[in-house]
Amino acid sequence: MGLSFYNTLSKSKESFQSIEEGKIKVYTCGPTVYNYVHIGNLRTFLFEDLLIRYLKYLSYQVTHVMNLTDVDDKTIRGAKEKGQALKEYTLFYSEAFFRDLKTLNALPADFYPAATNHIKEMVDLIKILLNKAIAYQTEDGSIYFSIRKFKDYGALSGMKPDNLLDGASGRVSNDEYSKEEMKDFVLWKAYDLEDGDVFWETELGKGRPGWHIECSAMSMKYLGESFDIHCGGIDNAFPHHENEIAQSEAATGKKFVHYWLHSAFLNVNSEKMAKSKKNFYTLKDLLEKDFAPMSIRYSLITTHYRQPLNFSEELIAQSDAALKRVKEFVSSLKYIKTEKRFNGFEKIIQEAREGFVSHMNDDLNISPAMASVFDFIRKVNGLKDELGEKDARQALDFIGEINQVVGVFQFEDEILEEEILNLIEERNQARREKNFKKSDEIRELLLAKGILLKDTKEGTQWQKTS
RNA sequence: GGUGACGUACCCAAGUGGCUAAGGGAGCGGUCUGCAAAACCGCGAUUCACCGGUUCAAAUCCGGUCGUCACCUCCA
């Protein structure tokens, strides 16, 4: 089966076809850098990482752009509270965000454009909308998008103008406007004293951009007026993405994005994890509890991205155990040293690969894709006595291949220091002399150094624990 | 009021018309071991929230009921 995705636009799975052969352009909505991200946010970023990694695995040439929202009400308020310049404040949280991504082994995007570096592009876009009379300026100088003038408004989210509750986005003074206009959203916010020193003097007047316009302006700058995939959390489908479509398509007359992929929420006790509910964990919180980054990554990516995921510490512990199983498998392969070959081993690998790929092709259906990896491991474990070194090498390479996509397995350094090797030998000597007190002491000592020993028929084997 | 998602074993989670309902965790039994730990092997839902209906055949389709969550205001 070929690659297919559930497209929010059509509310159905569609087989994937890139605009340009062999190349895929992806835009993902990044964080608003006003605070540390929580792991609910990170779930979405890791879903996107999984997507990008898989597309690369399929040999597509991927261009990935993730924006940073570094000017909005929250960043302005936060900077003011800390008495910092906006730039200083947002830089701090941007860096924290990048650290989190790195810790969780997400591949860096090709571009991380920040809103404040693209004011010119946004102004140009807004000017086009004004010229087309789709946008209008109000008395205070703010500029709004008239959603009634974009006939397809609501196509993505099903939120048609008539069904929206009143109470527009960012409307300054509600009373002056009719009901319909209240549903319009802001493109450019005229300067307000609350904004302090955050403003730009532009052809549109003194002020700052609305939230939605940045993604239209920046995605089109880096990826073109039409591109392949746009991702984000499901809460961004409305109003953010709906508004992006309206702005972009109204301006260019072209289809903005071909595939919209949205991830479901991470919940805690069946409720959305959110800062306002105070039920969130940051990555730092979890690391301080000694959870391993890869166990956290595994927890966040192995539930299908459109399925709400109920988060718990128990979940990470389960992931930890699952990863241990893979690690144990990988570690044990190095003890297969014989020259023999297992007839048909290629076929076993090929079946596992096909299982993995066919499920990932199906809208990144990772659960059964991983199941085929675990099936492979069980099968090979059962065959170990019949495998030779070259087979083991192939099995290891296969796990490495899968890891290009999932990015959760860690391959240990297969070399031990002389000192450690000597201790293992010393312990074996003690065991031969039935000096178990001494051998147990050495085992404890090595475990404290991160080396786990296992006494098997073939001799003592070791494995690194961290 | 409008829009949408979800309810599968003790926990996590696939499967959306038809072979024995994947896989992981936990548990139990076994193998190995000086012992322990780890690993490996085996076992585990006659049943898919509930009630009707369609069908030769349904967890899967249709209707209804109950329960949970989210969006419509910044939110991954």
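Chain letters run A, B, ... following the sequence lines, proteins first, then strands; residues in each count from 1.
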Per the salt bridge (charged side-chain N to carboxylate O under 4.0 Å, His left out) rule, what does the pair list look like for residues 364-376 of chain A, sequence neighbours excluded? A:Asp375-A:Arg378
If a pair satisfies salt bridge (charged side-chain N to carboxylate O under 4.0 Å, His left out) and one of its residues is in residues 2-14 of chain A, list it, with sequence neighbours excluded. A:Lys13-A:Asp362
C1' atoms of B:G53 and B:A58, separation to the nearest Å: 12 Å
Using atom P in both nucleotides, what's the gap between B:A5 and B:G64 to the nearest angstrom? 15 Å
Base, sugar-phosphate, or nothing: which does A:Thr303 touch, judged by heavy atoms less than 4.0 Å apart? sugar-phosphate
What pairs of residues pass the ring pair (Phe, Tyr, Trp, His ring centres under 6.0 Å) test when at least one of them lies in residues 436-460 of chain A, not counting sequence neighbours? none
Kindly confirm whether the side-chain ring of A:Phe265 is stacked on the base of B:A70, judged by centres under 5.5 Å and planes under 30°. no
Partners passing salt bridge (Lys or Arg N to Asp or Glu O under 4.0 Å) against A:Asp391 (at least two apart in sequence or in another chain): A:Arg341
Between A:Lys11 and B:U3, does any side-chain N or O lie under 4.0 Å from OP1 or OP2? no
Contact list for residues 313-325 of chain A, test side-chain hydrogen bond (donor to acceptor under 3.5 Å, both in side chains), sequence neighbours left out: A:Lys289-A:Glu313, A:Ser295-A:Asp320, A:Ser299-A:Ser319, A:Glu314-A:Gln318
Between CG of A:Asp235 and P of B:C74 the distance, given in whole Å, is 11 Å
Do nucleotides 20-27 of chain B as a string where each nucleotide becomes B, S or -: B if the base has a protein heavy atom under 4.0 Å, S if just the sugar-phosphate does, - if no protein is that close. --BSBS--
Would you say a side-chain N or O of A:Asn381 is under 4.0 Å from OP1 or OP2 of B:C40? yes
Using the C1' atom as the reference point in each nucleotide, state the distance between B:C56 and B:C43 in Å, no decimals. 35 Å
Rounding to the closest angstrom, what is the interatomic distance between B:G1 and B:A45 at atom P? 43 Å
Closest to the side chain of A:Phe238, out of B:A76, B:C71, B:C74, is B:C71
Pairwise C1' distance for B:U16 and B:A22, with rounding to whole Å: 15 Å
Just say parallel, tilted or perpendicular for the rings of A:Tyr93 and A:Tyr89, cut-offs at 30° and 60°. perpendicular
Counting only side-chain N and O atoms of A:Asn365, is one of them less than 4.0 Å from OP1 or OP2 of B:G15? yes
